[in-house]
Q: 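Handing you this structure, nothing more for now.
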Protein chains: 2
Amino acid sequence: MSLQHSLLVLLSESPATGYELSQTFKKGVGYFWKASHQQIYLQLKKLSEVGWLEFVIEVQRGKPDKKIYQITEAGKAVLNAWLSSEVKPPKTNDALLVMIYGGKHVKPDVLIKEIERHKSIHSKGLKKLLDIETLYLSLSDDEKKKYRLPYLTLRRGISGEQSWLVWAEEVLIELMSD
Amino acid sequence: MSLQHSLLVLLSESPATGYELSQTFKKGVGYFWKASHQQIYLQLKKLSEVGWLEFVIEVQRGKPDKKIYQITEAGKAVLNAWLSSEVKPPKTNDALLVMIYGGKHVKPDVLIKEIERHKSIHSKGLKKLLDIETLYLSLSDDEKKKYRLPYLTLRRGISGEQSWLVWAEEVLIELMSD
DNA sequence: TAGACCATGTAACAAGTTACATGATTGC
DNA sequence: GCAATCATGTAACTTGTTACATGGTCTA
C-alpha cells in the first residue's frame, strides 16, 4: 500500500500532524497522490502500531489534541528499502473517457458541456502548478538544488495537464464540427 | 461505481461474456480503464441482479459454461442517464512520482534504473496504441465515422504516453547530469 | 450570522487485491 | 512437458468512500 510510503516520504522531511499531511496532499502533492483525511488518519495509526512512526501529543483547548507524527529509525529503513524497489505504474480509471467512448448515445452538446467542465478543472489545476513553479524558479541556486527532485515531479504534473488541455481542444473542435 | 458504467458502455455495443470483457479491458480500453476479471465477474453479477443486464448460458464441455451478457432496456436507460451526468476527474496515485519526490535518500542510479523500467513499459504501451491508430486510419470514411468517439479516447492515450516519455527523457538527463 | 478553518476521529459500506481452484485445449 | 489460453468463480483481506460527530476560532 503506497499511501503508507507517501506518508513516510513526507514525514522523512519533517514531523507533521495528520491534518497538515492532509493539507499537503490536497494542496501540495495532490497532482500525483490523492488521499482523504480518513485514510490518512487510519494509515498513520497503523504505521505507529508497527513502529515506523511515533507521535507526541500537543494538548490544545477547544480543539482535539494534536498528534505530531515523526518517522522512526525503523521507518527510515522501510522507506529506504521501498525507494529501491519496483513500483507499479498508476492504474487509470478515467470516467470521462468512458463517457466519450460510449457517447454516441447522447447528443454531442452533452459531451461538449462535460468536457468544458473538466477543461476548467484542469485549467485551474495547471494554474496552481505553474504558480508553484514560478516560486521554485525564483529560489536561489542552493535552494533549487534542494528541491530538485520534487520539482521534477511538478514538471510531470505541469506537462500532464498541458497535454490534457491540448487534447481537449482537439476533441472540442472535432465534436463541434457537425 | 464506474466499472458498472464501463461494462454497460461496452455491452451497449454488443453482447459479450465476462472473459471477453476482461480481454477488452486488458487489450482494448485498458489505457483508460483497468479492471481485474474478479471485479468484472462480480459487477456483472450485480448488474444482472438489478436487471440492467441479462444473460444466456451457452453450455460447453470441458470448460465452465459461457454466460453471454446483454444490456436490457432498463440498463440502456441507466446508461443514458449516466452519459448526461457529471463525472469525477480520475484520481491519480502515482507511486513512481512519490519515489522521485523522496528520492534524495537513495543514489540517483537507483531512480534512473526504475525510471528506465517504466520508460520501457510506457514505450510498449504507446506502440500498441499507435498500432491501433494505424488500423483506424486505414478504415473507410464511413467506418472512421463510426469509431470517431473511441478514436478520440485513443488520442488521449497516445498523447498521454508521448507526454510521459518526453518528461521521462528530461528527468533522466537531469539525473545523469551529476 | 454563516461559512471556512482547525483537528480528530468512528461506522457502515463499497471496491479492489491477492491467492486459490478447476480442467480441457493448443502451441513451442 | 510446460506455458498460455479459455472460462468461470470463491474467500480472505485491504483500501477507499461517504456520512456523521464534535466544537471552538476567525473572517467577510
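Fair warning: this is a prediction, and the values are worked out from it, not measured in the lab.
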Q: Where the side chain of B:Q38 is concerned, which of C:dT8, D:dT18, D:dG9 is the nearest nucleotide?
A: D:dG9

Q: Check this one for me: any side-chain N or O of B:Q60 less than 4.0 Å away from OP1 or OP2 of D:dA7?
A: yes

Q: Would you please confirm or rule out a distance under 4.0 Å between OP1 or OP2 of D:dT17 and any side-chain N or O of A:K34?
A: no

Q: Can you say whether the rings of A:Y69 and A:F55 are parallel (under 30°), tilted (30 to 60°) or perpendicular (over 60°)?
A: tilted

Q: Hey, does the side chain of A:Y41 come within less than 4.0 Å of C:dG9's phosphate (OP1/OP2), counting only N and O?
A: no

Q: So does A:K76 pair up with A:E73, basic N to acidic O under 4.0 Å?
A: yes

Q: Just by modelled atom types, is the B:S36 backbone N or O under 3.5 Å from a matching donor or acceptor in the B:Q39 side chain?
A: no

Q: Salt bridge check, A:E114 against A:R117: does any charged N sit closer than 4.0 Å to a carboxylate O?
A: yes

Q: May I ask you to verify if any side-chain N or O of B:Y19 is less than 4.0 angstrom from the OP1 or OP2 atom of D:dC6?
A: yes

Q: Under a 4.0 Å threshold between the charged nitrogen and the carboxylate oxygen, would A:E13 count as salt-bridged to B:K104?
A: yes

Q: Within less than 4.0 Å of OP1 or OP2 of D:dT15, is there a side-chain N or O belonging to B:K91?
A: no

Q: How are the rings of B:Y101 and A:F32 set relative to one another: parallel (under 30°), tilted (30 to 60°) or perpendicular (over 60°)?
A: tilted

Q: Is the phosphate of D:dG9 approached by B:K45 (side-chain N or O, under 4.0 Å from OP1 or OP2)?
A: no

Q: Within the structure, does a side-chain N or O atom of A:T17 lie under 4.0 Å from either OP1 or OP2 of C:dT8?
A: yes

Q: Please tabulate the protein-to-nucleotide N/O contacts below 3.5 Å involving nucleotides 12-15 of chain C, giving atom names and distances.
A:
none

